[in-house]
Engineer: 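Sending over a structure as structure tokens; questions will come in a sec.
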Number of protein chains: 2
Amino acid sequence: MTQATPQGRPLDDDLTGRVLAATRESLEDVGFVNLRIERVASAVGCSKTAIYRRWPTKAELVASAILDRVTLGETPDTGDVVEDLVEHAWQHLTNFKHDGEPKPKHNRTMLAMFDAEVIPLIEDRYMKKRHVMGREILARAVARGQLDSQLDQDLIIDAIAGLTLFRLSIKPDTKVRNDAELKDSYRTLVRSLVASPG
Amino acid sequence: MTQATPQGRPLDDDLTGRVLAATRESLEDVGFVNLRIERVASAVGCSKTAIYRRWPTKAELVASAILDRVTLGETPDTGDVVEDLVEHAWQHLTNFKHDGEPKPKHNRTMLAMFDAEVIPLIEDRYMKKRHVMGREILARAVARGQLDSQLDQDLIIDAIAGLTLFRLSIKPDTKVRNDAELKDSYRTLVRSLVASPG
DNA sequence: ACGCAACAGAACGTTTCGTATCGTAAACAG
DNA sequence: CTGTTTACGATACGAAACGTTCTGTTGCGT
């Protein structure tokens with residue numbers, strides 16, 4: 001199988017990046033339902049055609065915009081299962097946390113993930129991979145004799161992911177915390193989850 | 001302030017209920033974005049006007065449809081904080097769990113909650129009240145000397161809610177469990193969360 | 001130089017939201 | 001019983017937005 005040589009004028013990668021950035025910005029402002037392709041186009045200064053040439057639907061555009069900003073990184077491996085899981089959670093949080101001001105009540109970027117047509121696009125390229133990373137962390141901990149092998153590993157991973165999800169999307173009044181406090185709360189949760197019962 | 005006496009022909013409560021039911025059904029089938037008011041109307045056999053007379057927007061209709069099926073019930077009070085919280089979580093789960101077949105991969109009814117215009121409507125009438133119920137359970141446990149008063153109560157409540165949220169909305173491959181197994185997984189989580197550290 | 005595809009711009013068909021208008025039906029007050 | 005008020009069905013309508021199509025132009029690779 002030879003690599004098909006692309007013919008004609010290639011896509012402008014710079015334009016692609018600007019469209020993705022503008023999409024993220026619109027997303028944070030107005031959410032998925034109210035995001036307007038035409039508005040993104042005019043914000044970038046390109047035509048609507050240029051966008052539809054790259055992504056067939058709004059859902060695909062938005063999924064790409066989200067995934068473009070997200071980084072999976074390396075699976076944490078500090079030798080301490082608690083710190084590994086805290087770092088794991090932190091990576092997830094940083095991928096979605098809004099760092100501008102004013103801080104919106106709800107994280108619309110994360111909310112957009114929940115559109116029925118967007119979820120499947122994010123799932124394979126992000127959520128499943130993150131789950132595998134979590135399992136790696138726990139498997140190593142078991143191998144080190146640091147973690148009871150009888151614990152429900154999916155429960156541990158899902159509870160951590162669930163907390164982030166809940167805080168960023170639904171929770172209306174999450175107290176404003178600095179990073180250290182926030183990280184501490186994850187540490188508390190993780191410590192509970194990995195403690196051997198009895 | 002006297003109660004304004006309604007004049008003229010009253011709204012047909014039976015019709016209202018049928019519209020809400022049809023909305024829930026459409027929601028489970030196609031999700032919020034693809035739900036069509038006109039389709040709900042024709043499913044019920046009423047006019048679009050009858051719907052817009054009751055709810056000003058699609059978001060309001062959907063929020064009402066969700067809340068209509070949801071029950072807050074009494075705050076569990078068994079004397080055991082673990083069982084109270086498990087029951088608390090179970091009530092939440094049953095409010096959203098799809099009980100028909102085939103089971104959809106994602107719970108579209110719950111996904112609809114995440115629309116930026118729907119969330120605020122659900123928040124006041126459901127999420128906040130549930131949070132208060134959680135705090136009641138924990139406060140009673142502290143009063144009984146059953147729970148370390150130093151624990152982060154919001155963290156406990158949010159972690160439980162987050163797990164349900166995550167499982168129902170995003171998690172693609174939650175193993176099919178029967179009710180007993182599912183309840184056990186909550187019991188495991190809750191026990192971890194309320195255990196005193198050290 | 002030539003071919004191919006991206007580019008901007010603009011028009012277009014379609015769908016759907018939400019509103020408005022009409023005539024009829026039903027509850028209630030006097 | 002009569003009049004008032006509001007729900008009801010039916011239908012038409014305007015506005016908005018998705019996604020497509022077309023035209024003419026620009027730029028990359030062979």
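To find a chain, count down the sequence lines: A is the first, B the second, and so on, and within it residues start at 1.
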Engineer: Tell me, please, which residues at least two apart from F32(B) pass ring-ring contact (aromatic ring centres under 6.0 Å, His included).
Structural biologist: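 ring-ring contact (aromatic ring centres under 6.0 Å, His included) list for F32(B), sorted by chain: empty.
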Engineer: Kindly state which residues belonging to residues 42-49 of chain A come within less than 4.0 angstrom of DNA chain C, counting heavy atoms of the residue only, listed by number.
Structural biologist: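 Result for residues 42-49 of chain A: G45(A), C46(A), S47(A), T49(A), sorted by number.
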Engineer: What residues from residues 20-38 of chain A pass a heavy-atom cutoff of under 4.0 Å to DNA chain D?
Structural biologist: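 Going residue by residue through residues 20-38 of chain A, the ones with a heavy atom under 4.0 Å of DNA chain D turn out to be L35(A), R36(A), I37(A).
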Engineer: Does anything in residues 56-67 of chain A come within less than 4.0 Å of DNA chain C? Heavy atoms only, and list the residues if so.
Structural biologist: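 Going residue by residue through residues 56-67 of chain A, none turns out to have a heavy atom under 4.0 Å of DNA chain C.
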Engineer: List in chain and number order the residues that pass side-chain contact (heavy atoms from CB on, under 4.5 Å) with T78(B), two or more places apart in sequence or in another chain; answer none if no residue qualifies.
Structural biologist: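 With sequence neighbours excluded, T78(B) shows a side-chain contact (heavy atoms from CB on, under 4.5 Å) to D80(B), E83(B), D84(B), given in chain and number order.
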Engineer: Could you tell me the separation between the CG atom of D14(A) and the P atom of dA6(C), rounded to a whole number of Å?
Structural biologist: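 D14(A) atom CG is separated from dA6(C) atom P by 17 Å.
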Engineer: Using a strict threshold of under 4.0 Å (side-chain N to carboxylate O), is an ion pair present between D154(B) and R135(B)?
Structural biologist: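 Salt bridge between R135(B) and D154(B), a charged N being under 4.0 Å from a carboxylate O: yes.
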Engineer: Determine whether a donor-acceptor pair (N or O, by modelled atom type, separation under 3.5 Å) exists between the side chain of E136(A) and the backbone of D77(A).
Structural biologist: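 Such a contact is absent between E136(A) side chain and D77(A) backbone.
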Engineer: Using whole Å, report how far OH of Y52(B) lies from C1' of dC8(D).
Structural biologist: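 Rounded to the whole Å, the gap is 17 Å.
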Engineer: Tell me the interatomic distance from I51(B), atom CD1, to dC17(C), atom P, rounded to whole angstroms.
Structural biologist: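 Nearest whole value for this atom pair: 10 Å.
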Engineer: Taking CH2 from W55(B) and C1' from dT19(C), how many angstroms apart are they, rounded to a whole number?
Structural biologist: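 Taking CH2 of W55(B) and C1' of dT19(C), I get 18 Å after rounding.
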Engineer: Excluding sequence neighbours, so at least two apart, what forms ring-ring contact (aromatic ring centres under 6.0 Å, His included) with H92(B)?
Structural biologist: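 Checked H92(B) against ring-ring contact (aromatic ring centres under 6.0 Å, His included); matches are F96(B), Y126(B).
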Engineer: Can you check the D115(B) CG to dC17(C) P distance for me, whole Å?
Structural biologist: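 Answer to the nearest Å: 13 Å.
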Engineer: Looking at F166(B), I'd like to know if the NZ or CZ of R130(A) sits under 6.0 Å from its six-membered ring centre while staying within 45 degrees of the ring's axis.
Structural biologist: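 No, R130(A) does not lie over the aromatic ring of F166(B).
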Engineer: Considering residues at least two apart in sequence or located in another chain, which fulfil the side-chain hydrogen bond (donor to acceptor under 3.5 Å, both in side chains) criterion with W55(B)?
Structural biologist: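 Here the qualifying residues are S64(B).
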Engineer: By side-chain contact (heavy atoms from CB on, under 4.5 Å), which residues pair with A41(B), not counting sequence neighbours?
Structural biologist: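 Once residues adjacent in sequence are excluded, the partners of A41(B) under the side-chain contact (heavy atoms from CB on, under 4.5 Å) criterion are C46(B), I51(B).
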Engineer: So does S26(B) get a backbone contact from the side chain of R39(B), meaning a donor-acceptor N/O pair under 3.5 Å?
Structural biologist: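 Not a single qualifying donor-acceptor pair exists.
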Engineer: Can you give one letter per nucleotide of nucleotides 2-7 of chain D, 5' to 3': B if a protein heavy atom sits under 4.0 Å from the base, S if only from the sugar-phosphate, - if neither?
Structural biologist: ---BBB
Engineer: From CZ of R18(A) over to C1' of dA8(C), roughly how many Å is that when rounded to an integer?
Structural biologist: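 Going from CZ in R18(A) over to C1' in dA8(C) covers 13 Å.
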Engineer: How would you list, by chain and number, every residue that makes a side-chain contact (heavy atoms from CB on, under 4.5 Å) with E38(A), sequence neighbours excluded?
Structural biologist: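 side-chain contact (heavy atoms from CB on, under 4.5 Å) check on E38(A) returns K48(A).
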Engineer: With distance as the sole test, does N95(A) use its side chain to make a donor-acceptor pair with the main-chain N or O of T71(A) at under 3.5 Å?
Structural biologist: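 Yes.
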Engineer: Taking side-chain contact (heavy atoms from CB on, under 4.5 Å) as the definition, give me every residue that meets it alongside T49(A), ordered by chain and number, with sequence neighbours left out.
Structural biologist: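 Partners of T49(A) under the side-chain contact (heavy atoms from CB on, under 4.5 Å) test: S47(A), R53(A).
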Engineer: Which residue pairs pass the side chain to side chain donor-acceptor pair (under 3.5 Å) test with at least one member in residues 10-25 of chain A, sequence neighbours excluded?
Structural biologist: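 Non-adjacent pairs meeting side chain to side chain donor-acceptor pair (under 3.5 Å): D14(A)-R18(A), T16(A)-R54(A), R24(A)-D68(A).
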